[in-house]
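Report on the structure given below.
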Amino acid sequence: QQKWGTPPALLAILDEQYHFTRNPDGSIFDPCPLLWDPATHPDGLLVDWAPSTYVNPPYTGVAAWVQKASAEAKKGNRVVMLLNAITDSVWFHEHCYNKPNVSIRFLRGRVPFVDPANPHYRVANPSPSMLVIFGG
């Protein structure tokens, strides 16, 4: 289960640039919500993603999420992913690095992830982060 959320300020900047698709309640469509509960949420790897999707995937099993983002981009969707900058991984080389219609932005500093149980509590990611943008 993923515990840490995207800092609201970072998400607002990304939303301003990429105009993420909204859910009916007005929240940003993210197929990988915090504290994933399969009883109440469909598996984000099995559903179609929105035309402009933001994903902060669980960092365990991230390869499947990156592969899904690549497949969604091939269907014409844009996916912005916040990922650990693990540039020696198989998934990075197979789906991100030097791939057509994929751009990579390395983030300066460490992302202060938010604890959803206590939104004022933040923990800096021990690893560097990057944004990988799949599709137009």
*ring-ring contact (aromatic ring centres under 6.0 Å, His included) with His93: which residues, sequence neighbours excluded?*
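Tyr97.
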*With Phe20 via ring-ring contact (aromatic ring centres under 6.0 Å, His included) - residues at least two apart*: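 Partners of Phe20 under the ring-ring contact (aromatic ring centres under 6.0 Å, His included) test: Tyr54.
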*asked:* Under the side-chain contact (heavy atoms from CB on, under 4.5 Å) test against Val55, which residue among Val62, Val79, Thr6 passes?
replied: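 Of all the options given, the one that passes is Val79.
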*So, the side chain of Trp49 versus the backbone of Ala73: is there a donor-acceptor pair under 3.5 Å, distance only?*
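No, because the side chain of Trp49 does not come within donor-acceptor range (under 3.5 Å) of the backbone of Ala73.
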If a pair satisfies salt bridge (Lys or Arg N to Asp or Glu O under 4.0 Å) and one of its residues is in [range], list it, with sequence neighbours excluded.
| range | value |
| --- | --- |
| residues 5-18 | Asp15-Arg22 |
| residues 46-55 | Asp48-Lys75 |
| residues 86-104 | none |
| residues 113-128 | Lys3-Asp115 |

Nearest heavy atoms of [X] and [Y], plus distance in Å:
| X | Y | value |
| --- | --- | --- |
| Cys32 | Asn56 | SG-O, 3.9 Å |
| Ala124 | Arg110 | CB-CB, 4.0 Å |
| Pro8 | Val114 | CD-CG2, 3.9 Å |
| Asn77 | Pro51 | OD1-CA, 3.3 Å |

_Apply side chain to side chain contact (heavy atoms under 4.5 Å, CB included) to residues Leu82 and Leu107 and explain how you reach the verdict._
CA-CA 10 Å; Leu82 177 61; Leu107 300 181; 3.8 Å; yes
*Partner set under side chain to side chain contact (heavy atoms under 4.5 Å, CB included) for Arg105, not counting sequence neighbours*: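 Checked Arg105 against side chain to side chain contact (heavy atoms under 4.5 Å, CB included); matches are Gln17, Tyr18, Leu131, Ile133.
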*For Asp25, which residues count as a side chain to side chain donor-acceptor pair (under 3.5 Å) partner, sequence neighbours excluded?*
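Here the qualifying residues are Ser27.
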_For Ser52, side chain to side chain donor-acceptor pair (under 3.5 Å) partners two or more places apart_ =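 Arg78.
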*asked:* With a 4.5 Å cut-off on side-chain heavy atoms, are Ile86 and Trp91 touching?
replied: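 Result yes, sub-4.5 Å side-chain heavy-atom pair found.
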_Could you check whether any side-chain heavy atom of Met81 comes within less than 4.5 Å of a side-chain heavy atom of Val66, counting everything from C-beta outward?_
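In contact.
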_Atom pair CH2/NE2 of Trp65 and His95 - distance to nearest 0.5 Å_ =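 These two atoms lie 14.5 Å from each other.
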*asked:* Please evaluate residues Ile104 and Phe92 with respect to the criterion side chain to side chain contact (heavy atoms under 4.5 Å, CB included), reporting the C-alpha separation (whole Å), side-chain torsions for both, the decisive distance (0.1 Å), and the verdict.
replied: CA-CA 10 Å; Ile104 301 166; Phe92 180 78; 3.7 Å; yes
*asked:* According to ring-ring contact (aromatic ring centres under 6.0 Å, His included), does anything in residues 100-136 pair up with another residue at least two apart or in another chain? List the pairs.
replied: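 Qualifying pairs, neighbours excluded: none.
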*Can you get from Ile13 to Phe29 by hopping between Ile, Leu, Val, Met, Phe, Trp and Tyr side chains that sit under 4.5 Å apart?*
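They do not share one cluster, since no chain of ILVMFWY contacts under 4.5 Å joins Ile13 to Phe29.
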*Could you give all pairs that pass the side-chain hydrogen bond (donor to acceptor under 3.5 Å, both in side chains) test and reach residues 123-136, with sequence neighbours left out?*
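Applying side-chain hydrogen bond (donor to acceptor under 3.5 Å, both in side chains) to every pair that reaches into residues 123-136, excluding sequence neighbours, yields Asn84-Asn125, Asn125-Ser129.
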